[in-house]
Amino acid sequence: MSTHPAKKAKLDDLPQCPYGSKCYRKNPAHLNEFSHSHVTSVLDTPKVVKSDTVNTLPVCPFGATCYRKNLLHFAQYSHPFDLLHPDVDSSDEDETKESDKKNEIINDSKKRKLESDDDDDGEKTEEYDTDDENVYDVKLEKTFSKMTDDEKRLMIERAFELKEKLQEKLKKTREEAEEKKKEIEQLQNKVSEGVVLMEGEDEVLKGTKVKYFEIFPERNYKQGSAAELHFRLAESQFYRLLSGHTTAQVIKVEYVCNPILINKFNQARDELKRKRGENYSYPVLAFHGTAVTNIQPICDNGFKVPGQDGFLHATDTGYYGRGTYFSEYPNYSMGYIKGSTKLMLCQILQGKVYQCTQLIVGADLQDGFDSHCSPDRKELIIFRSDYILPQYIVHYKLDAGEFKYSTPITREAKKKKLAKIGKLYKKAVAAKGVNIFTGYKFAFIGKMADTPLAIEALVKRFGGYVCKNTVPFGGTIMTTGLFVNGFPATVQFDAPNVIICSLAEFEAVTPSAELQAYKNMNYQLYYSEDFLYDSIIEGTLKTMADYTHE
């Protein structure tokens, strides 16, 4: 390590380093600007660490230019020369001076941190290189050069222990992450493969018949419940992109299980996956609005697309292609509902999407694509029926006010109750008269438990009124069924605020002229007959929402 005479002469011409024997800088530019002749004697006689642990370590590959301060670096490599603090011969006996030196070390470390950014020669340190000793919870009371061999040995051993603990913690974290990933994958597989099933769904999937599972909102969260999963999925999809109807509420969801359509859809998805890749095979949940009379036939038999027998365009031949239209935005689909508050929520396969930039009325599917979308991407156009799986029927109410949980009544329960409507009617007739229907104007559609005159007398006895309308014409004029001089006599339309409709009339495939006339006049809510009798028996007006036909 002796300095060459010529080089030494050149160094003597340079100004002495202002940091003197305490200089710790290793930047070549600094060494070229200042002379460090006063420390050559220290450098010429390297001080070898006598620790057995250090002697077994490889020499630092950075040699005399090493500026690293990470403890783990010193634990992995030996540094036979005191490169950090050349003033190794300074005494530690004076504790007062030692305290002052500690303060200097703190200040110097701050300067060193700032200058290291400017003096860095571009080399990168190992993975654990850091200036922050607190990361490893290691506090140095002395500089490394002033430690005894035993202190250095203990420090190195502790550094190795910390390194091993960090590696163990990292390994454990990775294992836990892998376990979580596997759990999520298993859950996703269960959902996609139909392992999370409604009660009785397994038997339905083995057959060919369609099953409708009615699901109502529940206050209690039942983790792992298939009903909970289906309801919250449909509900969240409805609310996510809803606009314009801030008080709309989902009151019920029907989960449609059609084994034939499910198999066709899964086959189409596998085909699309092979053709386009996995990223193109994921389905999208989108709404479809249609007349209420179309919903069950579609769920039973699947969608029909242009070109199939029986397909009819409800409005036009399609602004963005001759296909079947869907939207992720409920409001778009609500515009196609006629006198109903039900939307279909379907899984659809888009594949590679052609985004229209202008109207292409009635156009076929573009070559090289699997579907179309409107310029704003709010309308999705599908051209294959097996790319569509009707999965949910979302029942909702507009302007429903504050949400309240109610006792769910399934369609089967309603049918059983209405099958015994005669007994309920007799109890109502025997009840004492109380004016609970004051201000209510009733209209009746279909066959009730008794004759129209008997029903009217019962309603009047409890303060109600029955409208005299028959089939409305044009929504404003009603016929009395009487004729004057050969022409039908007419009276002004007597508007009801409660329409009682029989279950058979409401569920008929083809609605009666009277029911269709009210629907054409934008009447959307129709109530079952038991609302009338339950209210009379209990002597108070029942919650009408519990008796709505859906």
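In this chain, residues are counted from 1 in sequence order. Remember, it's a predicted structure, so these values are computed and weren't measured experimentally.
In the model, Tyr212 has a side-chain atom that pairs as donor or acceptor with a side-chain atom of Asp300 under 3.5 Å. In the model, Glu514 has no side-chain atom that pairs as donor or acceptor with a side-chain atom of Tyr518 under 3.5 Å. For Asn497 and Tyr523, the side-chain atoms include no donor-acceptor pair closer than 3.5 Å.
Here the closest non-hydrogen pair linking Ala226 and Leu197 is CB-O, 3.3 Å.
Between Lys542 and Asp530 there is no salt bridge, since no side-chain N of the basic residue sits under 4.0 Å from a carboxylate O of the acidic one. Using a 4.0 Å cut-off between charged nitrogen and carboxylate oxygen, Lys460 and Glu456 count as a salt-bridge pair. Look at Glu178 and Arg174 and you find no salt bridge, because none of the NZ, NE, NH1 or NH2 atoms lies under 4.0 Å from a carboxylate O. With respect to the salt-bridge test (charged N to carboxylate O, under 4.0 angstrom), the residues Lys378 and Asp376 do not qualify. Ion pairing between Glu201 and Lys211 fails under the 4.0 Å rule for side-chain N and carboxylate O. Using a cut-off of 4.0 Å between Lys/Arg side-chain N and Asp/Glu carboxylate O, Lys163 and Glu168 are scored as not salt-bridged.
Looking at heavy atoms from C-beta onward, Ile262 lies in side-chain contact with Cys257 at the 4.5 angstrom threshold. Taking 4.5 Å as the limit, some side-chain heavy atom of Phe265 sits within range of a side-chain heavy atom of Pro283. Put simply, the side chain of Ser502 reaches to within 4.5 Å of the side chain of Met448, judged on heavy atoms.
Rounding to the nearest 0.5 angstrom, the gap separating the CG atom in Leu345 from the CD1 atom in Ile393 is 10.5 Å. The CD atom of Glu254 lies 12.0 Å from the CZ atom of Phe231; values are rounded to the nearest 0.5 Å. Of the inter-residue distances, the one linking Ile536 atom CD1 with Ile436 atom CD1 reads 5.5 Å to the nearest 0.5 angstrom. The distance from the CD1 atom of Ile500 to the CD atom of Glu505 is 13.5 Å, given to the nearest 0.5 Å. Leu241 CG to Tyr332 OH: the interatomic distance, rounded to the nearest 0.5 Å, is 11.5 Å. For the atom pair NZ of Lys273 and CG of Leu349, the computed distance is 12.5 Å after rounding to the nearest 0.5 Å.
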#### Entry: Worked verdict on His288 versus Phe303 for ring-ring contact (aromatic ring centres under 6.0 Å, His included)
CA-CA 11 Å; His288 180 79; Phe303 276 85; 5.0 Å; yes

### Query
Phe442 and Phe437: ring-ring contact (aromatic ring centres under 6.0 Å, His included), yes or no, with the steps?
CA-CA 10 Å; Phe442 291 88; Phe437 295 136; 5.3 Å; yes

### Message
Using salt bridge (charged side-chain N to carboxylate O under 4.0 Å, His left out), reason through Asp370 and Arg384 one step at a time and then give a plain yes or no.
### Response
CA-CA 9 Å; Asp370 304 300; Arg384 285 179 51 169; over 6 Å; no

#### Entry: Derivation and outcome, ring-ring contact (aromatic ring centres under 6.0 Å, His included), residues His372 and Phe383
CA-CA 9 Å; His372 292 178; Phe383 294 81; 4.7 Å; yes

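Taking the ring pair (Phe, Tyr, Trp, His ring centres under 6.0 Å) definition, one finds that Tyr329 meets it with nothing, sequence neighbours left out. Considering only residues two or more places apart in sequence or on other chains, Phe506 meets the ring pair (Phe, Tyr, Trp, His ring centres under 6.0 Å) condition with His549.
Using bins of under 30°, 30° to 60° and over 60° for the plane-to-plane angle, the ring pair Tyr255/His230 lands in the parallel bin.
In this structure, the ring of Tyr527 has its center no less than 6.0 angstrom from the ring center of Tyr547.
Formation of a donor-acceptor pair under 3.5 Å by the Arg461 side chain with backbone atoms of Val429 is found in this model. For the pair Ser327 (side chain) and Glu379 (backbone), a donor-acceptor distance under 3.5 Å is absent.
Within 6.0 Å of CD on Glu175 lie more than 12 heavy atoms contributed by other residues, nucleotides or ligands.
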